Amino acid sequence: MEDQPVLDPLAAVRGPDDPETDVYLTGTVFLDIIFTGLDSAPVRGTESWARGMGSSPGGVANMATALARLGLRTSLAAAFGDDVYGDYCWDALAAGEGIELALSRKIPGWHSPVTVSMAYEGERTMVSHGHEAPPPEEPAPPCPPPSRACVASLVPGVPQQEWIGTAAGRGSRIFADVGWDDSGRWDRADLADLAHCEAFLPNAAEAMRYTRTDCPRAAARKLAELVPLAVVTLGSEGAYAVDSAAGQAAEVPALSVEALDPTGAGDVFVAGFLTGTLAGWALADRLAFACLTAALSVKEFGGSLSAPGWIEIAAWWQHAKAYDDQDRSALRRYAFLDDLLPTGTRRWPLRRAVPTVGFRPPPMR
């Protein structure tokens, strides 16, 4: 495994009777193959060449890796194929990131799902292939392990997932996101599990469609009627949150970075916000930190291995204070980092996406 996290964000709130797991999540792990440096969208009947390429675990692995790199004890329940892709993803998550895979399974004869992501014009287009894993590996185990929090992905067309209510009943704090509704129905009944959730974190397009509004801030306010905390990501504008339980709202602008690949940025945002919430930070600080982790992730290839760790966050903050390449008023939003960040250095860099899964990482020293 890579070196242990250099900072435990929950150190001040941990107690002897706490569960061993900080965050539990479940879902599908994909092998992501990412192409960047495309001048435009691929055109039918032509061949396009990309100037950059990377491969890494994807799907639910994006958020699991982001959480683990922020020092949270992360447990993932997922199915893995017994092919080379599955072995690579398992090793990258378990040995490389220290993610607990005791509830995950390798399935003989089942091939790994694959996603090809093409980044251009600040967005990405994805093509995926895979088959549902045979039971009992999916859906999630009916009784997830005790944990501080769970991340639940609400599924359009699936009004309720039994494990979410079970986990909430056992004291886990539930943070939910949602997938895109290809059917176009955007049925509010699909959000029934929000009754068990502490927070819901959709993007602006999803939030507006579910609430039938044309403003993401208005959508957040409507969603806050269904869940104590509604957080809507606004893309290049940042993020907006309404905490109906505390009677407050907050908005934080996005940071200016040179983006390479936006794959998985939303997952990294959720991981950053969840970390700050479990640590007990103020709402605006949580939003700012989530925006920062997401911004740093788009500077690297892939969704999972692009996630920053504490040393990378600390390096950004030192640079931001020393150089005039960020809006100074926006930077004042991050003053809380001064009392939080580590000063040590990492013995070796984070693992990043590489062009092929055939390469072997250099031996650790």
Side-chain angles (χ1 to χ4, degrees), residues 1-2 4-5 10 19-32 56-83 85-107 110 112-115 130 132-155 161-164 166-167 170 172-177 179 201 263-264 266-275 278 293 297 302-307 309 350-351 353:
M1 191 177 83
E2 287 191 358
Q4 295 296 318
L10 306 188
E20 292 185 7
T21 299
D22 290 330
V23 186
Y24 165 84
L25 64 169
T26 185
T28 303
V29 173
F30 290 79
L31 173 73
D32 278 359
S56 66
V60 71
N62 296 342
M63 197 177 301
T65 301
L67 290 163
R69 288 186 171 185
L70 292 176
L72 300 189
R73 302 165 187 171
T74 303
S75 173
L76 171 63
F80 290 78
D82 66 345
D83 51 10
Y85 291 170
D87 290 344
Y88 162 75
C89 290
W90 184 287
D91 176 72
L93 299 177
E97 305 298 336
I99 295 167
E100 175 58 62
L101 297 181
L103 294 176
S104 292
R105 297 290 182 270
K106 291 187 177 181
I107 302 177
W110 185 67
S112 299
V114 176
T115 291
E132 286 190 14
E137 283 72 20
E138 293 213 4
C143 189
S147 58
R148 292 175 182 271
C150 299
V151 179
S153 290
L154 307 185
V155 181
Q161 300 175 58
E162 183 178 351
W163 75 267
I164 297 175
T166 300
R170 297 175 64 184
S172 293
R173 303 165 70 176
I174 312 297
F175 295 74
D177 61 9
L201 300 97
T263 304
D267 296 318
V268 178
F269 178 96
V270 173
F273 188 85
L274 188 156
T275 298
L278 294 185
T293 54
S297 77
S304 61
L305 302 186
S306 67
L350 289 172
R351 182 183 296 192

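A quick note: this is a predicted structure, and the numbers were derived from the prediction, not measured.
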Distance col, row Ser304:OG vs Asp32:CG, nearest 0.5 angstrom, shows 7.0 Å

Taking all non-hydrogen atoms of both residues, which atom of Ala68 and which atom of Glu97 are closest, and how far apart? CB-O, 3.7 Å

At what distance, to the nearest 0.5 angstrom, does CD1 of Ile174 lie from CD1 of Ile164? 7.0 Å

Could you check whether any side-chain N or O of Ser75 sits under 3.5 Å from a backbone N or O of Tyr24, counting only pairs where one atom can act as donor and the other as acceptor? no

CZ/Phe30 to SG/Cys89 distance, rounded to the nearest 0.5 angstrom? 10.5 Å

Which heavy-atom pair separates Ala78 from Ser104 by the least distance, and what is that distance? N-OG, 3.0 Å

Determine the minimum heavy-atom distance between Ala64 and Thr74, stating which atoms define it. O-CG2, 4.0 Å

Taking every heavy atom of Gly272 against every heavy atom of Thr293, the minimum-distance pair comes out as CA-OG1, 3.9 Å

Not counting sequence neighbours, which residues clear ring-ring contact (aromatic ring centres under 6.0 Å, His included) with Phe80? List them please. Trp90

Could you tell me whether the side chain of Asp83 and the main chain of Ser112 form a donor-acceptor pair under 3.5 Å? yes

Between Pro57 and Ala92 the two heavy atoms that sit nearest each other are CG-CB, 3.7 Å

Leu25 side, atom CG; Ser153 side, atom OG - distance, nearest 0.5 Å: 8.0 Å

In plain terms, say whether Glu100 and Arg73 are close enough for a salt bridge, that is, a side-chain N and a carboxylate O under 4.0 Å apart. no

For a 4.5 angstrom cut-off between non-hydrogen side-chain atoms, does Leu67 reach Ile99? no

Pick one: which of Leu103, Val151, Leu101 meets side-chain contact (heavy atoms from CB on, under 4.5 Å) with Leu76? Leu101

Measure the shortest side-chain to side-chain distance between Leu93 and Thr65 over non-hydrogen atoms and say whether it is less than 4.5 angstrom. yes

Just verifying a value: how many Å separate Leu201 CG and Leu274 CG, rounded to the nearest 0.5 Å? 8.5 Å

Rounded to the nearest 0.5 Å, what's the gap from SG on Cys150 to CG on Asp22? Could you check? 11.5 Å

Within a strict 4.5 Å, meaning less than it, do heavy atoms of the Met63 and Asp177 side chains meet? yes

Check Asp82 with Lys106, please: is the shortest side-chain N to carboxylate O separation under 4.0 Å? no

Are any side-chain N or O atoms of Thr26 and backbone N or O atoms of Ala77, one a donor and one an acceptor, separated by less than 3.5 Å? yes

Give a yes or no answer on whether the side chain of Arg69 reaches the backbone of Leu305 with a donor-acceptor pair at less than 3.5 Å. yes

Is there a donor-acceptor contact under 3.5 Å from the side chain of Thr21 to the main chain of Val23? no

